[in-house]
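Keep in mind the model is a prediction, meaning the values are calculated, not measured. In what follows, chains are A, B, ... by sequence order, proteins preceding strands, each numbered from 1.
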Amino acid sequence: MKKMNLLQAINDALILEMRRNEKVVVFGEDVGHFGGVFRATSHLQEHFGRERCFNTPLTEQGIIGFANGLASQGSYPVAEIQFADYIFPAFDQIVNETAKFRYRSGGQFTCGSLTIRTPYGGGIAGGLYHSQSPEAYFAHTPGMKIVIPRNPYQAKGLLLASIRDDNPVLFMEPKRLYRASVCEVPEEDYTLPLGKADIVTEGSDITLLAWGAQMEVIEKAAQMANDDGVSCDVIDLRSILPWDAECVAQSVRKTGRLLINHEAPMTGGFASEIAATIQDKCFLHLEAPIARVCGLDTPYPLAHEKEYMPDHLKTYEAIKRTLDY
Amino acid sequence: MKKMNLLQAINDALILEMRRNEKVVVFGEDVGHFGGVFRATSHLQEHFGRERCFNTPLTEQGIIGFANGLASQGSYPVAEIQFADYIFPAFDQIVNETAKFRYRSGGQFTCGSLTIRTPYGGGIAGGLYHSQSPEAYFAHTPGMKIVIPRNPYQAKGLLLASIRDDNPVLFMEPKRLYRASVCEVPEEDYTLPLGKADIVTEGSDITLLAWGAQMEVIEKAAQMANDDGVSCDVIDLRSILPWDAECVAQSVRKTGRLLINHEAPMTGGFASEIAATIQDKCFLHLEAPIARVCGLDTPYPLAHEKEYMPDHLKTYEAIKRTLDY
Amino acid sequence: MNDRNHLSNVHVTHSVNVIENGIVDIPMLQILDNEGALIADANAPEIDKEKTQKILYTMEYIRLLDERMVAAQRQGRISFYLACTGEEAATTASAAALSDDDMIMSQYREQAALAYRGYSTEQFMNQMFSNRLDPNKGRQMPIHYGDKKLNFMTISSPLGTQIPQASGYAYGQKLQGTDAVTICYFGEGAASEGDFHAGLNMAAVLKCPVIFFCRNNGYAISTPADEQFAGDGIASRGIGYGVKTIRVDGNDALAVYTATQKAREIALAENCPVLIEAMTYRLAAHSTSDDPTGYRSKEEEAKWRERDPINRFKRWVMDKGWFDEQAHEAMLSESRQAILAAVKTAEKVDVCDIDDLVNDVYDTVPWHLQEQITELKAHIKKYPDAYPKTAKGVK
Amino acid sequence: MNDRNHLSNVHVTHSVNVIENGIVDIPMLQILDNEGALIADANAPEIDKEKTQKILYTMEYIRLLDERMVAAQRQGRISFYLACTGEEAATTASAAALSDDDMIMSQYREQAALAYRGYSTEQFMNQMFSNRLDPNKGRQMPIHYGDKKLNFMTISSPLGTQIPQASGYAYGQKLQGTDAVTICYFGEGAASEGDFHAGLNMAAVLKCPVIFFCRNNGYAISTPADEQFAGDGIASRGIGYGVKTIRVDGNDALAVYTATQKAREIALAENCPVLIEAMTYRLAAHSTSDDPTGYRSKEEEAKWRERDPINRFKRWVMDKGWFDEQAHEAMLSESRQAILAAVKTAEKVDVCDIDDLVNDVYDTVPWHLQEQITELKAHIKKYPDAYPKTAKGVK
Ligand SMILES: Cc1ncc(C[n+]2csc(CCOP(=O)(O)OP(=O)(O)O)c2C)c(N)n1
Ligand SMILES: Cc1ncc(C[n+]2csc(CCOP(=O)(O)OP(=O)(O)O)c2C)c(N)n1
Ligand SMILES: [Mg+2]
Ligand SMILES: [Mg+2]
């Protein structure tokens, strides 16, 4: 075990996997010698050479197009998109190509070995274009997996699982936790399962569901509610696609209430899918409407970031509303 | 009044608006002399000259980038994306630029005068890349409007309203109705409201909601249900963003049941947003879970297209299940 | 850290030099004249009788296949087809200059390259009839071929996407130390996509052994090349990327063969991309959904019909004395029959089982797709008549 | 229909000609030598004393502003800043060659162009402090300026997006018959984006009067130009698009002025795009979030510090006898004080009212945003201490 922050855990996972599997190739804007603007790829070029860790020209569509071809050839590309806000030029390559590669060829060719890493999310005074949480844009795309860790331990285990998984994975890193989140991380090799939620705290009155950096927010709200005598089941979804509906449904069958929190705007966010599925699976158990505590339906603001964010206070209030329904 | 098919209605609206407003400029791949691969822009170049109706090079990101600049300059671009399946290279220009232009500049600059036209949807043996219904990908984007007509009358009125609306509008045309849907269309100028659903049939037992080409499907299912003595409120959502939640909620408060049908895959489709919102707004009125009858969570298939589609039979069965809940 | 100087190769001038169109002349390699005679100061490539005949026969076979399948589409037997008439030399002769290990990533009008590799008439048909023998499992529209064994990447409709993919594929080949390259075909229209820019630039910077083969056939559906770009074709762009570039007469099989051979040699020896622009003409309609009379004249087409690449090459083969009338006739009539028979067989083969609707989305079928397919099967069982293609397979 | 022939300008060759790097020499216009003396066979542009001084003062002002704002960021007064040190001549002198009606669409490192247009110190500060006087209403990170009255398009962070937008904007100017052009600034890194390809090609085909002004400053964050492209800079790409191209010494204000003036003249007269590549160097860190010691040497930076564009131009102004020591000093000390004062004022100004969180998403606030803002206000009222910036404005 070793104390690591989230960046170190990711760096550790990359080094481990590049050692274990010589077909792993890491690239993206500034990831080479410099080690990435957040330094997640520090020392990789030094250790593994320029052929296996390199800078690309500044073109996200090119990075993912290149990665798709490389994956289909048999390598294990781990491509970095510098900020999730800049993943959209690659949207076609991801949604029309990566995700459909295997299906359209009847399984002859695949991009299953591809992992796309990208830092996402707000809370860092980044405004419109350094704060977005675009997971829902990709969650409507059969063929993709989407994974989001909440801390360094989760990050290492989930990233190793993502690289090894035989499906393309979009691995989204909560950048406001990069240095802020620190915990004990095993130095050895381990993986955590994709597609499985993680029950962080067990409770009986309401289920609180989130992922990534918002886990801290709902945990804080759960504590406040706890002080009022409300007992919360706190769940980290971890995988957005495919997602662990059964785990959530089981919890909701127990608690009768569900609150989902995410940073992205409410409309069309992934909470809508969860709510739609759970109201179906748990209709007779629900004692109140499923609550969504999300970003507002605006571009991500700057001066009003605090007001925009689905923080612990809004979550706490929504818990109370749901219980008082 | 004149009998028109959907293509003619669109062509008619474009001619009318180009005459009325000399700042309207129409462009896209093959839309010039040839009049577009579906002929929606026939004769425009002839009537209005090459400066106001022209072919572009084959680049969707360029088409929308160009359109954004042109709109911000004060023109009224009506840009065509040849198939909705090919809109993804323009995703960044739409989601990061078009939609955020006004907000980020504090209202100094806008793309409000932009309209993007694109044929969408399946049922034409088009397979993975000539069948997609990507509305939900855009519905998570504050700043955009999304409009989908169900027949020629709606198409003309909604397209004219879209071009004149001071917000960027993604106008999606159900291509399997291009020639199949024919009705009486006023030759004069008229608009239909954006953001308003249209109640097609009133009923009391269940609300059926869809848009575009799927309206025919739910109407057919409503008829089958009607033969069983089930009375359906049939609603055409028309605008996906912002959408008319109040109209749907009112109907559900009356019927106690809601079924939503769309062609796109279920997970993260727009039905999830509707279900999430309505279970919240109508919690105490709902007598059964909100049903979603959608495409499967696969890329759009070819040989199994019939099986994939959310057809009238699947809809009819879901109506029965919902009523028997 | 080494000091860098991005000005090290830049000269200085003291009056405004405007670099304009026409500053570089990029001539087009021609070895056969329009009548198929070897041009006086040109050298024919070294190419043996067998290969020569294979090139010729492949071109003729594809012309035949195109004719038959356009007809089959008119008869409503298949939903869609896309012919390569007029461009047979560009794709056949380039494929002939490759090794079988080289990966082919095509746009959609390169069926001749696939045929040259050995794709059988039956395979063509199974794909086009979307039946259960189609390796794509009936999921894609006709003409979206692909065959892993033949190193021919499954075709995808979105234009240009294969270009950066080819760079990545070739990079992988280099890493793996294979002696193979990737060839990436695309049209001059697709070269307007952002993916073209990304693909060529990345290949140049990252030193990928890839041949970018542009078929400049004058049109992208109805859009003529002069509304597609204002520069000197696609070849002139190679200069901007620092990519070695060859322009070739795409209707001259020998020239295409020579150029591709040279490109492959450079790509492998120098680990770098090479761009080939083949000047040709799309004599066919864009596809069976298209009618070119809406945008170009019969006269224009006629001019190009005179430059038919098959006749031109055939005359050279004849001059060589390598044209075997009998073998030729046999091949043609055999192919004709084979195509006819294959159509009849393929159209009778069932579509895949309904489970293939959800297979291959992921490596294994996840819970939600399992739920969806189970529900779908129950539904089909209830309404077998509504789903005739799959009902009998649902137990 | 006119017959088209996309081969009409293509010559023929009979042996393989490989077009390689270096086939075209694109020299760089220089008018002042490194010491600021007029080069013997060069002609200085016609430029009067007033304008000359304005250019010089703008460059000096921006250098000052950059220094102060980098310091302000270090002190934690603003969250982010991005300096243009070393590139002042490229942006100032190009802006000086424009008319005020010309639209400026910039990347983010062109604050000198904005200052030249007349953006005040107070305006800079209001934007950077995200206060209620910021025309963006505090919605964007520092340095994302924009001013409709000054024809300076609001900056957007995604790289390259403004390039095709500039083509569209210029097309609109042409349609409207204004005598104005659009200038579009971008870095050599951003030129790798697909949007660059789309923007230049479309401008060439659709004949848009736009000046594409590339600042080739050797780096895109840590990525040196030689890992960005393999061709001869960005200028060599102009050939591929059929876009007239001028390369210029970006550290020579007179050369930049001359080149931009010429480009504007061509763009307006011929309704066409012109590409300028200004060769310069980013002496500054990429931004306040960056530390260049991680990727380049002090020695390399030192070499470029010697080619400082401000000193070079200043010496020429002095030689002209147009340098007014007193006015210069006054300007500097005045600016210094103005910046200091403006910082102090701007940081005290409140942020916008909470309603501006939902305004401008659409032309009017739709029902769902109305619901959301109403709920938010109620929440803020309940927890005023948690939202100190807006609580007092919520009634
Ligand atoms: C991204 C994308 N946009 C548009 C289309 C529709 N489309 C199919 S083929 C074609 C023209 C392609 O022309 P070119 O690349 O020159 O190839 P050619 O047909 O001449 O062989 C177009 C616009 C597409 N398939 N993909
Ligand atoms: C689409 C996109 N990708 C990545 C980034 C992150 N980023 C910001 S600036 C920059 C480097 C830009 O370099 P260049 O264009 O050369 O401009 P310079 O900073 O040298 O002025 C990068 C990668 C971005 N803003 N947008
Ligand atoms: Mg073509
Ligand atoms: Mg740069």
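Minimum interatomic distance between C:N251 and C:R312 (heavy atoms only, all atoms of both residues): O-NH1, 3.5 Å. The shortest non-hydrogen separation linking D:Y257 to D:A93 is CD1-O, 3.6 Å. Across every non-hydrogen atom of D:Q261 and D:P45, the tightest pair is OE1-CB, 4.5 Å. The two residues C:A190 and C:G160 come nearest to each other via the heavy atoms CB-N, 4.2 Å.
For the pair C:R307 and D:L7, the minimum side-chain heavy-atom distance is below 4.5 Å. Counting heavy atoms from C-beta on, the side chains of C:W304 and C:N217 never come closer than 4.5 Å. Looking only at side-chain heavy atoms (C-beta outward), D:V256 and D:T260 come within less than 4.5 Å of each other.
Options C:I266, C:V243, C:D226, C:D232 differ in how many heavy-atom pairs under 4.5 Å they form with chain D, and the most are formed by C:D226. Among the candidates D:E227, D:E301, D:E188, the residue making the largest number of heavy-atom pairs closer than 4.5 Å to chain C is D:E227. Across C:A259, C:S297, C:A263, C:A225, the residue that shares the most heavy-atom pairs under 4.5 angstrom with chain D is C:S297. By number of non-hydrogen pairs under 4.5 angstrom with chain D, the leading residue of C:V16, C:V18, C:N9 is C:V18. When each of D:I26, D:I246, D:V12 is checked for heavy-atom pairs under 4.5 Å with chain C, D:V12 comes out on top. Taking chain D as the reference chain and counting heavy-atom pairs below 4.5 Å, the highest number among C:T258, C:I234, C:D249, C:D25 is found for C:D25.
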Contacts table for residues 31-43 of chain C: side-chain donor-acceptor under 3.5 angstrom, sequence neighbours left out:
| residue | atom | partner | partner atom | Å |
| --- | --- | --- | --- | --- |
| C:D33 | OD1 | C:E35 | N | 2.8 |
| C:D33 | OD1 | C:G36 | N | 2.9 |
| C:D33 | OD1 | C:A37 | N | 2.9 |

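Proximity to chain C (any heavy atom under 4.5 Å) is restricted, for D:I23, to the side chain, taken from C-beta onward. Neither the backbone nor the side chain of C:S8 comes within contact range of chain D; no heavy atoms are under 4.5 Å apart.
Looking at D:R109 and D:H286, their side chains do bring a donor and an acceptor atom within 3.5 Å of each other. D:Q228 and D:S192 form a side-chain donor-acceptor contact under 3.5 Å, judged by distance and modelled atom types alone.
Using non-hydrogen atoms only and a strict 4.5 Å limit, the part of residues 193-211 of chain D facing chain C consists of D:E193, D:G194, D:F196, D:H197, D:N201, D:A204, D:V205. Of all residues in residues 270-281 of chain D, those placing a non-hydrogen atom less than 4.5 angstrom from a non-hydrogen atom of chain C are D:M279, D:T280, D:Y281.
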* Asked: Should C:N216 and C:F229 be marked as a side chain to side chain contact (heavy atoms under 4.5 Å, CB included) after you check the CA-CA gap, both sets of side-chain angles, and the distance that decides it?
  -> CA-CA 12 Å; C:N216 182 344; C:F229 47 75; 3.8 Å; yes
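By the salt bridge (Lys or Arg N to Asp or Glu O under 4.0 Å) test, D:D3 is found to be paired with C:K303, residues two or more places apart in sequence or in another chain being considered.
By the neighbour-count criterion of 12 heavy atoms within 6.0 Å, atom NZ of D:K244 is densely surrounded, having more than that number from other residues, nucleotides or ligands.
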